[in-house]
Protein chains: 2
Amino acid sequence: MTIQVDGWFTEEWPGEKSAISLKLVRKLHEEKSRFQRIEVFETETFGKLLTLDGLVMVTDRDNFIYHEMISHPALYTHNNPERVLIVGGGDCGTLREVLKHPEVKTVHMVEIDERVTRVSEMFYPDLTESNGDPRVEFFFEDGIRWVEQAASGSYDVIIVDGSDPEGPAAVLFSEDFFRHCHRVLSASGVMVGQSESPLFHLELIKHYHATAKKVGFQDVASLHFQQCTYPSGWWTVTVAAKDQSVAQFREQDAAKRPFKTRYYTPAIHRAAMAQPAFVEEALK
Amino acid sequence: MTIQVDGWFTEEWPGEKSAISLKLVRKLHEEKSRFQRIEVFETETFGKLLTLDGLVMVTDRDNFIYHEMISHPALYTHNNPERVLIVGGGDCGTLREVLKHPEVKTVHMVEIDERVTRVSEMFYPDLTESNGDPRVEFFFEDGIRWVEQAASGSYDVIIVDGSDPEGPAAVLFSEDFFRHCHRVLSASGVMVGQSESPLFHLELIKHYHATAKKVGFQDVASLHFQQCTYPSGWWTVTVAAKDQSVAQFREQDAAKRPFKTRYYTPAIHRAAMAQPAFVEEALK
C-alpha cells in the first residue's frame, strides 16, 4: 500500500502494520506499464526513488548495499562465473555489479517489464551505465518460462532479483522454479535470490532453504545486510551451491577485486553469513 | 518529531526527512517527568512501544537485538568483568543482559530519570525482571556527574546506554566525558556506547573513534547490527579497550554462555566487527 500525503511517500510494509516514509520534492515520472505502475520521485534525502505498484525498489542513497550483496557473494562463490543469468533486476543495478567481474563472458538479463529498464535508463544513468556492454543480452520476457525452456547446464550463476513473494513473483519461490534453476546450472553452479527480512519473513527464509535443499543444492546460506528502505531495514539474499559449501568463496580474488565497492568486502561477505541466534535456531 | 494520526505513531528521523510508523492499538501511559515526556503505546505488531519525547526507545519486538549487542560484546571483551557501570539504560533491558554474566559482582545503574525505570517496571516485566538482583544498585542521578566524581580505576566495564547526541545526551559524546570514563576504568577496562547509524551519522562514528583514541583507549571498533525501529534500521555500538585489541574477546566463554540469547552468538560478535567498505574508508 502506498500513500502520498502532504509531500510524503509512505510504504506500508505488507502485513506488518508498520511503514517507512520519505519526504518528496516532486514526482518525476508515472506510468502504467502492461504489468505494473511505475513511479519515480525526487526525495529530500534519499535521491531518486523508484517504486513499482507503490513499493520501494531503489533509492539513490541505499541501493548500493542490495546490489553489491546480491551479486558479489554469489560470483565469488563460483569458481569461474562465465555465464550469468539475471531474472528480474530491471533497474540494472545488479547487472552493473555483475559486469564488473572480468570472468563474466555473457549475461542474459531476463526482465518481464521492459518499461522498468527504460525508465531506469532515464532516471538512473549510474545503475544503467553498463547496459551497452557487449557481454549482455536483454530479453524482456517471463523469467520463469525462460528458465523452464533453458538448456540444462547452460549457466554458471543464476541471480533472482525479483519482487516480493506476494503477487506475481510468488512463483520465483516455488519448488518448480528452483528445480529448473538447479537443472539449468552447470555442475558447479550457484544460485542466489533475494530472500526478504528475517524479522518479518522468517518462514519464507526457512521455506527457501528447505526448497533449495529439496531440489538438490548441496549447501544453502542466507547473507544478512542492512537495507534502510526495504521492510524492517534488514534484508537477506540466499546463496545455494550445487557441489560445494557456500562458506567457501574466492576470498583472495575478492580481496584483489579490480573494481570499487561501497559495501562489499571479503570480510563483509564472511560476516554476512553469521546467523543471529533466532535465525540459526529456525534453520536447524 | 512525533506525529499521531489516525491511530499511527510516526517518528520522523531527526534531520533525515524520513520516518518510521507503527500502527497503534492504544496509548497505555503518558506522563511528563522532570526531564522528558514518557509514553507507552500498544502497537499492532511490535508489542509495547516506549517513547521519550516522541522518539522510539524500546519495542517488545526488536529490543533484544540492541540490548544483547550493547552488553555481551563488551562483557566478553573484558577478561573478568566484575564491576560494571551502566549510564542511562532506564528501561533496564541492558541491565538484565549484564546480570546474566556470572563474572559480574556489582552493577551501578545510573539513570537520570527514575520515571523511565518505574514506567518500564510497569509495562516491561521481562526487561525489568532482574531489577531485584542483589548485585545491582540504582542511582537516579546525572551519569555525567557520576563519572566525573567516581574514583579512578573503579569499574571494569562502562556501558553508555544513552539517547541521541542531539539534546541533553550530547555530552555523552564529549571528550571530557570520554576522558573521565577512561580514568574510572581499571587497567584493562572496556567502554561501550551506542553510536548511531552508519547511514545517517557517519561523522558521529568518526568523532567517537577519534575521541576514544585521543583520551587514550588503545583500540576502538564499531559493531553493526539491524535495529528496525531506530533511524535507518541500522545501528552500531562502539567498543573501546584500554589495553587490548577489541578483536580479541573470550570466544570460548561466549560459546559456552550459561544463558539464552536471541541475537548474540560468538560468530555474530565477530561478524558485527566487519566494516562495510564506506565505513572502513571513513575510519581510516
Side-chain angles (χ1 to χ4, degrees), chain A residues 3 5-13 15-25 43-46 59 61-62 64-65 68-69 197-200 224-235 260-281, chain B residues 3 5-13 15-25 43-46 59 61-62 64-65 68-69 197-200 224-235 260-281:
Chain A
I3 315 161
V5 183
D6 296 340
W8 286 81
F9 165 88
T10 295
E11 174 183 329
E12 186 178 333
W13 294 329
E16 293 294 340
K17 301 288 185 194
S18 45
I20 190 170
S21 300
L22 302 175
K23 183 97 169 70
L24 300 177
V25 178
T43 69
E44 289 265 4
T45 56
F46 279 75
T59 82
R61 188 172 189 177
D62 71 349
F64 67 100
I65 304 176
E68 292 183 15
M69 292 304 283
S197 163
L199 198 69
F200 285 175
H224 300 256
F225 52 94
Q226 292 87 0
Q227 192 67 29
C228 174
T229 56
Y230 283 4
S232 86
W234 180 356
W235 217 245
K260 209 170 150 52
T261 53
R262 290 174 62 197
Y263 188 84
Y264 180 86
T265 70
I268 281 287
H269 183 155
R270 187 161 295 293
M273 291 190 278
Q275 302 302 319
F278 78 97
V279 178
E280 193 169 63
E281 180 71 23
Chain B
I3 315 160
V5 183
D6 295 341
W8 285 81
F9 165 87
T10 295
E11 176 185 327
E12 185 178 333
W13 295 329
E16 294 294 339
K17 300 288 185 193
S18 45
I20 190 169
S21 300
L22 301 175
K23 183 97 169 74
L24 301 176
V25 178
T43 69
E44 289 265 3
T45 56
F46 279 74
T59 82
R61 189 172 190 178
D62 71 349
F64 66 100
I65 303 177
E68 293 183 13
M69 292 304 283
S197 162
L199 198 68
F200 286 174
H224 299 255
F225 53 94
Q226 292 87 1
Q227 193 66 30
C228 173
T229 56
Y230 283 5
S232 86
W234 180 356
W235 217 244
K260 209 170 150 51
T261 53
R262 290 174 63 197
Y263 187 84
Y264 180 87
T265 70
I268 282 286
H269 183 154
R270 187 162 295 292
M273 290 190 279
Q275 303 302 319
F278 78 97
V279 179
E280 194 169 62
E281 180 72 23

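Throughout, a chain's letter reflects where its sequence line sits, starting with A, and its residues are numbered from 1.
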Q: Evaluate the side-chain contact (heavy atoms from CB on, under 4.5 Å) criterion for residues A:L24 and A:T43: first the C-alpha distance (whole Å), next the side-chain angles of each, then the deciding distance (0.1 Å), finally the verdict.
A: CA-CA 4 Å; A:L24 300 177; A:T43 69; 4.0 Å; yes
Q. Step by step, would you call B:K17 with B:E12 a side-chain contact (heavy atoms from CB on, under 4.5 Å)?
A. CA-CA 7 Å; B:K17 300 288 185 193; B:E12 185 178 333; 4.3 Å; yes
Q.
Quick one, B:F200 with A:T45, criterion side-chain contact (heavy atoms from CB on, under 4.5 Å). Give me CA distance, side-chain angles, the key distance, then yes/no.
A. CA-CA 10 Å; B:F200 286 174; A:T45 56; over 6 Å; no
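Contact annotation for B:Y264: only backbone heavy atoms (N, CA, C, O) come within less than 4.5 Å of a heavy atom of chain A. Looking at B:F225, the atoms closer than 4.5 Å to chain A (heavy atoms on both sides) all sit in the backbone: N, CA, C or O.
Counting heavy-atom pairs under 4.5 Å between each of A:S232, A:G233, A:P231 and chain B puts A:S232 at the top. The greatest number of non-hydrogen atom pairs below 4.5 Å with chain A, out of B:I268, B:L22, B:I65, B:V279, is found for B:I268. Listed options B:E68, B:K23, B:M273, B:Q226 were ranked by heavy-atom pairs under 4.5 angstrom with chain A; first place goes to B:Q226. The residue among A:R262, A:Q275, A:E44 with the most heavy atom pairs within less than 4.5 Å of chain B is A:R262.
Taking the side chain to side chain contact (heavy atoms under 4.5 Å, CB included) definition, one finds that A:R270 meets it with A:F249, A:E251, sequence neighbours left out.
Ring geometry for A:W234 against A:H224 counts as tilted: the plane angle lies between 30° and 60°, on a 0 to 90° scale.
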